[in-house]
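Below: one structure, written as structure tokens.
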Amino acid sequence: MRQLSAEGFVDVIPNIGTRVAVLPAEQLVPSIMLMGRLEQAAVEMMVTTATKADVKALKAINEDYRQAIVNQDWHDAMTADRQFHDYLISRCGSDYAAQFSDLLFAQLQSYEQSYFKERLMSDLTAYERHQKLIKAIKAGKAKKAGKLMRQQWLAQIEGYETQQRKAAK
């Protein structure tokens, strides 16, 4: 816990406990970019070993994601999206990548909740991006799959910056 606190991942509150540290606003975009690069590399690595079962699992998770969006259930949409991304990282062959992703996601979680509540629920664009990603994985196109993953995270940055501009008006 001390190490996580020293690295800024958790806040230690004396006589109370610990909590995930709130990510300062100026660190949000760089952290999203880092997550995008991590997942880009993970997807490129997982494509080389992807199986039909992996494709089937990703399609099922993505369908749960689509259904949650259609049902306007932001919490289930966020959960399914996280499952989709976790699945990809878990199949890249690096336990460290999964651990780092979990730490980074914990930092991004409050932003993710806001994103899903305010922006995602009327938009199937991310679902469609997932579909393209699954297609690239199935075709064994590692670089294309990585590029699609990175584009998904860049779209989140664009969405965040749009929210910030609206809030400033």
Side-chain angles (χ1 to χ4, degrees), residues 4 9-11 17-23 25 27-29 31-47 50-138 145-146 148-164:
L4 292 174
F9 288 109
V10 296
D11 292 327
T18 60
R19 67 175 182 201
V20 173
V22 175
L23 188 67
Q27 291 183 19
L28 181 62
V29 170
S31 295
I32 293 171
M33 291 178 75
L34 181 58
M35 182 67 105
R37 290 287 187 187
L38 175 64
E39 289 194 4
Q40 177 182 5
V43 166
E44 290 174 1
M45 292 166 59
M46 80 81 64
V47 167
T51 65
K52 289 180 182 180
D54 290 328
V55 171
K56 184 177 180 179
L58 289 167
K59 284 181 178 181
I61 296 167
N62 201 37
E63 185 55 33
D64 289 345
Y65 180 56
R66 186 193 69 76
Q67 194 59 53
I69 293 169
V70 168
N71 292 341
Q72 298 288 297
D73 187 335
W74 72 267
H75 185 269
D76 283 356
M78 189 174 83
T79 300
D81 185 62
R82 189 70 202 143
Q83 287 173 342
F84 186 87
H85 291 261
D86 282 348
Y87 188 93
L88 292 168
I89 288 181
S90 74
R91 298 288 295 132
C92 81
S94 170
D95 291 339
Y96 182 75
Q99 292 170 2
F100 185 67
S101 172
D102 288 345
L103 285 172
L104 195 51
F105 180 74
Q107 292 279 301
L108 295 171
Q109 193 165 11
S110 63
Y111 161 73
E112 284 274 307
Q113 288 175 348
S114 171
Y115 176 80
F116 276 87
K117 283 180 184 178
E118 296 175 21
R119 187 167 184 269
L120 179 78
M121 296 320 304
S122 60
D123 189 359
L124 289 171
T125 305
Y127 163 80
E128 292 161 359
R129 283 192 193 106
H130 286 180
Q131 289 293 90
K132 290 177 183 178
L133 179 59
I134 294 167
K135 187 176 178 181
I137 291 168
K138 185 177 179 180
L148 289 166
M149 177 57 74
R150 178 126 171 83
Q151 286 173 345
Q152 186 165 333
W153 284 100
L154 291 173
Q156 270 205 7
I157 292 170
E158 185 179 309
Y160 170 74
E161 290 173 342
T162 299
Q163 278 180 331
Q164 293 303 103

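What you see below is based on every heavy atom in this structure, not just the backbone, and it leaves out hydrogens, waters and symmetry mates.
- Contact detail for S101 and R82: the closest heavy-atom pair is OG-NH2, 3.0 Å.
- Contacts of I61 classified as side chain to side chain contact (heavy atoms under 4.5 Å, CB included), with partners at least two apart in sequence or in another chain: Q83, F84, Y87.
- Considering CD of Q67 and CG of N71, their distance stands at 4.5 Å, rounded to 0.5 Å.
- With sequence neighbours excluded, the residues forming a side chain to side chain contact (heavy atoms under 4.5 Å, CB included) with Q152 are D81, H85, R129, H130, listed by chain and number.
- With values rounded to the nearest 0.5 angstrom, I89 atom CD1 is found 6.0 Å from M35 atom CE.
- The shortest non-hydrogen separation linking L88 to M149 is CD1-CE, 3.3 Å.
- The salt bridge (charged side-chain N to carboxylate O under 4.0 Å, His left out) test applied to R91 returns D54, not counting sequence neighbours.
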Derivation and outcome, side-chain hydrogen bond (donor to acceptor under 3.5 Å, both in side chains), residues Q99 and D95: CA-CA 6 Å; Q99 292 170 2; D95 291 339; over 6 Å; no

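- For I157, the side chain to side chain contact (heavy atoms under 4.5 Å, CB included) partners are V29, I32, M33, L154, E161, not counting sequence neighbours.
- Pairing each heavy atom of C92 with each of A97, the nearest pair is SG-CB, 4.0 Å.
- Within the model, atoms OG1 of T51 and CE of M46 stand 7.5 Å from one another, a figure rounded to the nearest 0.5 Å.
- One finds the OH atom of Y65 at 12.5 Å from the CG atom of D73 (value rounded to the nearest 0.5 Å).
- Remark: K59 pairs with V55, I134, K138 by the side chain to side chain contact (heavy atoms under 4.5 Å, CB included) rule, at least two apart or across chains.
- Considering only heavy atoms from C-beta on, E44 comes within 4.5 Å of Q40 through its side chain.
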Worked verdict on R150 versus W153 for side chain to side chain contact (heavy atoms under 4.5 Å, CB included): CA-CA 5 Å; R150 178 126 171 83; W153 284 100; 5.6 Å; no

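- Between L38 and F100, the shortest heavy-atom contact is CD2-CD2, 3.7 Å.
- Considering every non-hydrogen atom in both V43 and G146, the closest pair reads CG1-N, 4.0 Å.
- Looking only at side-chain heavy atoms (C-beta outward), D102 and D86 come within less than 4.5 Å of each other.
- For D64, the salt bridge (charged side-chain N to carboxylate O under 4.0 Å, His left out) criterion is met by no residue, not counting sequence neighbours.
- Annotation for A136 and L148: closest pair CB-CD1, 4.1 Å, computed over non-hydrogen atoms.
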